Trainee: 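Let me begin by handing over the structure; questions about it come next.
Within every chain, numbering begins at 1; the chains are lettered A, B, ... in the order of the sequence lines, protein sequences first and strands thereafter. Values in this document were obtained by computation on a predicted structure and should not be read as measured data.
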Amino acid sequence: MAKEVVNREENYSQWYNNLVTKADLAENSAVRGCMVIKPYGYAIWEKMQAALDKMFKDTGHVNAYFPLFIPKSFFSKEASHVDGFAKECAVVTHYRLKNDPNGKGIIVDPEARLEEELIVRPTSETIIWSTYKNWIQSYRDLPILCNQWANVVRWEMRTRLFLRTAEFLWQEGHTAHATKEEAVEETEKMIQVYANFAQNWMGVPVIVGKKTESERFAGAVDTYCIEALMQDGKALQAGTSHFLGQNFAKAFDVQFANKEGKLDYVWATSWGVSTRLMGALIMAHSDNNGLVLPPMLAPIHVVIVPIYKGEEELEMICNRAKELKKELEAKGIVVKIDNRDNVRSGFKFAEHELKGVPVRLAMGPRDYQNGTVEIARRDTLEKQTISQEGLADYVARLLDEMQKNIFDKALKFREEHTYKVDTYEEFKQKIEDGGFILAHWDGTAETEAKIKEETKATIRCIPLNAELEDGVCMVTGKPSKQRVVFARAY
RNA sequence: CGGGGUGUAGCGCAGUUGGCUAGCGCGCCACGUUCGGGACGUGGAGGCCGAAGGUUCGAGUCCUUUCACCCCGACCA
């Protein structure tokens, strides 16, 4: 498949460019792989944030904010957690600069060394749990359902725009519960929130499942995830929700008095999605003309391009366009009139397609005369001329249809690139083509590691809603009760 | 940290055996003609050829050192 897909990873850079650039940091800077999110890209992120934030609030969560800096000692408390992050942490060691006494600019003041180094948060479990300790005495203090919108830093060996930047924006939910059942329920609820967002807002179909032990979050008892398939056949983990058990409560000594008056450790969850979602959005829907944005996340729904000769005609058409804009806006549709005089209309068409604006209306003197407008939809690139009468209703319906169509198209793609495989030989062949492979696995980390080693494919997840089916592991022949999802992943 | 590759204008590149004032495309600026799918013409601005050292009458080009970036692996959302 990979060969036929035109918009492979290397081709995305063209349409990334409207959204982000790689940060232009000073030469010799040790920081690599940071990105500048441009206004248009940030507008998409804001739409995502707003939708997610509302979903969090609707499920009973509140926002809070915790420090960027975490004392080093906090990390030593949960052993597997620190194992997971130790290798990719930025560390603050000093708090002051001074003029170089040798006149060579600015140096770090060696006198200003911190007694305890501070870690720039790679994730906030440790600082949040050391805070929660002070918030929790009784079962009456529970549950705590906090979310934080923040940036985090992970010093990755290798970065990739959107998918793995050294600094990224995300949200992280951290909850504390009195019972295991409640915490598990929360974990599952939030992965469903993410699945709902991915599918209904982003138009990206996802498989909801659990990670295997070796793919699990550092410090978690269970990691739930949503996995999406990109158009180049690679899988992308788009969101995770972790059941942390009592690991962090024990590490940070967070106990509460239950109804019986006995002390118990609280049960925890954490869950997050990041700007990586924008990468998913791009790679799931883009075509050779650029981005394709689902209307629900498009910063601009409709662009009106006036076609004219001379200022008189421009004014005449723009006035009509403004009236149409008002009608559309009354339906909650975001409209931009592109009346730039310094570029031609063909250029504007191409540019708005590149940026993924869902609907384009072009109006020239002919349309003005006839009371019509040319309407073009971004997802199918179809154009037709329709009446200006009832335009707002037409566009509103079209946007709904496009939202659905974009999802359906992605779903169809995924279904066409999901294969059931029963032998390891076939697996090795099939994995070269990309896509999801459903196969039996004996449940051991050894087999999983062997497969990864030999094929670069990982178990993306053990799907939650999959039908049980007796089978044998394609590698070892040991019994298996259900198929798991394999893929090569970002 | 291993294996490959690249540094020349804002971006993308050519310049391969050393030679005069370093070139092309895009973009940018000015004027004009255009304007229903990325316009065209004319003129113009913009470069210590990644850095340092060396060879030479002469270095973008050869040698040495060094720095940076990109790709592929290991790590990861």
Trainee: Taking only nitrogen or oxygen atoms into account, show me every contact under 3.5 Å that the protein makes with nucleotides 29-34 of chain B, one pair per line with its distance.
Mentor:
residue : atom : partner  : partner atom : Å
B:rU34  : O2'  : A:Arg344 : NH2          : 3.4

Trainee: If you check the A:Ala350 side chain, which of B:rC76, B:rG37, B:rG36 turns out closest?
Mentor: B:rG37
Trainee: The side chain of A:Glu351 lies closest to which of these nucleotides: B:rG36, B:rG38, B:rG37?
Mentor: B:rG38
Trainee: Which residues pass the side chain to side chain contact (heavy atoms under 4.5 Å, CB included) test with A:Val82, not counting sequence neighbours?
Mentor: A:Phe75, A:Ala86
Trainee: Over how many whole Å does the gap from A:Arg164 atom CZ to B:rG73 atom P extend?
Mentor: 11 Å
Trainee: Tell me the interatomic distance from A:Arg340, atom CZ, to B:rG38, atom P, rounded to whole angstroms.
Mentor: 15 Å
Trainee: Using atom C1' of each nucleotide, how far apart are B:rG32 and B:rA22 to the nearest Å?
Mentor: 32 Å
Trainee: What residue pairs, at least two apart or across chains, pass side-chain hydrogen bond (donor to acceptor under 3.5 Å, both in side chains) with a residue in residues 42-52 of chain A?
Mentor: none
Trainee: Suppose we screen for ring-ring contact (aromatic ring centres under 6.0 Å, His included). Which residues come up paired with A:Trp271, at least two apart in sequence or across chains?
Mentor: A:Phe56, A:His61
Trainee: Which residues satisfy the side-chain hydrogen bond (donor to acceptor under 3.5 Å, both in side chains) test with A:Tyr308, sequence neighbours excluded?
Mentor: A:Asp341
Trainee: Taking ring-ring contact (aromatic ring centres under 6.0 Å, His included) as the test, write out the residues that go with A:Phe486, two or more places apart.
Mentor: A:Phe427
Trainee: Between A:Asp338 (CG) and B:rG38 (P), how many Å, whole number?
Mentor: 15 Å
Trainee: In whole Å, what separates the P atom of B:rG19 from that of B:rC49?
Mentor: 16 Å
Trainee: For atom P, what is the distance between B:rG12 and B:rG27, given to the nearest Å?
Mentor: 15 Å
Trainee: Quick one: A:Phe217 CZ to B:rC75 C1', roughly how many Å, whole number?
Mentor: 15 Å
Trainee: Enter the distance from A:Thr380:OG1 to A:Ile406:CD1 here, rounded to the nearest 0.5 Å.
Mentor: 9.5 Å
Trainee: When you measure from the side chain of A:Lys456, which nucleotide among B:rG36, B:rG38, B:rG73 comes out closest?
Mentor: B:rG73
